[in-house]
Amino acid sequence: MPELPEVETLRRELDKEVVGKRVKTVEVTGMKTIHRHTNRKSFIEKVEGQKFTAVERRGKYLVLTLDSGELLVIHLGMSGQLLRAANKDPMPKHAHVVMTFTQHGQLRYVDPRKFGEMFVTAPDELTNEVPELAELGVDPVEEPMSWTTFGEMLVSRKMKLKAFLMDQKIIAGIGNIYSDEILFAAGLRYDRMTDSLSSQEIRRLYRGVVETLHDAIKYGGSTLGDGQYVDLHGEPGEYQEHHQVYDREKLACRRCRVPIVKAKFQSRSTYFCEQCQV
DNA sequence: CGATCTACCTGATGGC
DNA sequence: TGCCATCAGGTAGATC
């Protein structure tokens, strides 16, 4: 569920509300979420008593620094949520990890589908333990680049635009929703080849990436009908109200009024406008 | 090496 | 009302 804008929204909230807090106790239910640890105890021992000193985002990963120097790495998968709550608030279903602070409530990790995970690791082991993180591509929000550099990245491979945008080893943080929104913003079809773009189209695509992601962050990310993505306070985002194509099958294109089309790409849904995207 | 599919899970939704 | 199939923001691993 959560892509770069949703994870960035959470990062900013964690920075305000969790950094500086000390963990008193940790409860873990089941091993799936912390599967990289051999047992619950080895995870709990590394977190209990620790204070969070910083939080950063790498693509769709969150990395919290503990005052032991170790890192708590979190990936939300499809349905993961991080929620601040008072100790007495009713515990939601599928709360797999609950951290109680010495003061001011809890941080809860809730994840019905259990595709997400978290683990603690030393900074110098991070790349061994998480090759995905080591191979992560550029962050389009944190590390702006020139459109000519972007153009070289595009031309140097031969793949469809949507696959390029969603490849975490090339650009980190873009998933199924934002790739569609970016391609609409750029006026390009999802199945155009990376090496077929004119320089004007390259510029439009790069602008689409940066502007779409910034806009989505501004509105706190996208929450779809199932309400799965919510922020640290359980509040939905608002960017879905600004979607041009995603989840808008058969609705009129906001630009040309032609109905939005839903197609399959790599066995996933893709939405686009046949008139505005070429 | 790169491109494509399937598995991992639970829950919501729609057709019959 | 119930049953079954389908679909859902992500990624890794198998298979070609």
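Everything quoted here is computed from the prediction, not taken from an experiment. Chain identifiers are assigned alphabetically (A, B, ...) following the order of the sequence lines, protein sequences preceding nucleic acid strands; residue numbering begins at 1 within each chain.
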Under 4.0 Å between a side-chain N/O of [X] and OP1 or OP2 of [N], yes or no?
X: H75(A); N: dT11(C); value: yes
X: H94(A); N: dC9(B); value: no
X: K114(A); N: dT10(B); value: yes
X: K264(A); N: dA8(C); value: yes

Is [Y] reachable from [X] through a run of hydrophobic residues whose side-chain heavy atoms are each under 4.5 Å from the next?
X: L136(A); Y: L4(A); answer: no
X: M153(A); Y: Y178(A); answer: yes
X: M118(A); Y: V28(A); answer: yes
X: V73(A); Y: F43(A); answer: no
X: V19(A); Y: L66(A); answer: yes

Give the ring-plane orientation class for [X] versus [Y], where under 30° counts as parallel, over 60° as perpendicular and anything between as tilted.
X: Y219(A); Y: Y239(A); result: tilted
X: F150(A); Y: Y206(A); result: tilted
X: Y109(A); Y: H96(A); result: tilted

Which whole-number value in Å describes the distance from [X] [atom1] to [N] [atom2]?
X: E135(A); N: dT11(C); atom1: CD; atom2: P; result: 13 Å
X: D226(A); N: dT13(B); atom1: CG; atom2: C1'; result: 11 Å
X: K32(A); N: dT11(C); atom1: NZ; atom2: P; result: 14 Å
X: Y178(A); N: dG10(C); atom1: OH; atom2: P; result: 10 Å
X: M166(A); N: dG2(B); atom1: CE; atom2: C1'; result: 16 Å
X: E6(A); N: dA8(C); atom1: CD; atom2: P; result: 16 Å
X: K162(A); N: dG10(C); atom1: NZ; atom2: C1'; result: 13 Å
X: D247(A); N: dC7(C); atom1: CG; atom2: P; result: 14 Å

Original post:
Based on Watson-Crick and G-U pairs with both distances under 3.5 Å, what dot-bracket line describes DNA chain B 5' to 3', crossing pairs as [ ] and inter-strand pairs as |?
Top reply: .|||||||.|||||||
Subject >> Integer angstrom distance from the P of dC3(C) to that of dC9(B) >> reply: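 These two P atoms come out 24 Å apart once rounded.
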Original post:
Are D89(A) and R108(A) close enough for a salt bridge, meaning some N to O gap below 4.0 Å?
Top reply: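 Result for this pair is no, no salt bridge flagged.
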Original post:
Salt bridge between E13(A) and K16(A), side-chain N to carboxylate O under 4.0 Å?
Top reply: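 Between K16(A) and E13(A) there is no salt bridge, as every charged N stays at least 4.0 Å from the carboxylate O atoms.
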**OP:** For V130(A) and for R113(A), find the nucleotide of DNA chain C with the closest heavy atom, then tell me which residue's nucleotide is more 5'.
**Re:**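 The answer here is R113(A).
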Original post:
Is F115(A) stacked on the base of dC8(B), with ring centres under 5.5 Å apart and planes under 30° apart?
Top reply: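 Yes; by the centre-distance and plane-angle rule, F115(A) counts as stacking on dC8(B).
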Original post:
When all nucleic acid strands are considered with a 4.0 Å heavy-atom cut-off, which category describes Y246(A): base, sugar-phosphate, or nothing?
Top reply: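 Sugar-phosphate only.
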Which pairs, protein N/O on one side and nucleotides 3-7 of chain B N/O on the other, fall under 3.5 Å?
residue: dA3(B); atom: OP1; partner: K158(A); partner atom: O; Å: 3.2

Original post:
Is there a donor and acceptor pair, one atom on the side chain of R268(A) and one on the base of dA8(C), closer than 3.5 Å?
Top reply: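 Result: no qualifying N/O pair found.
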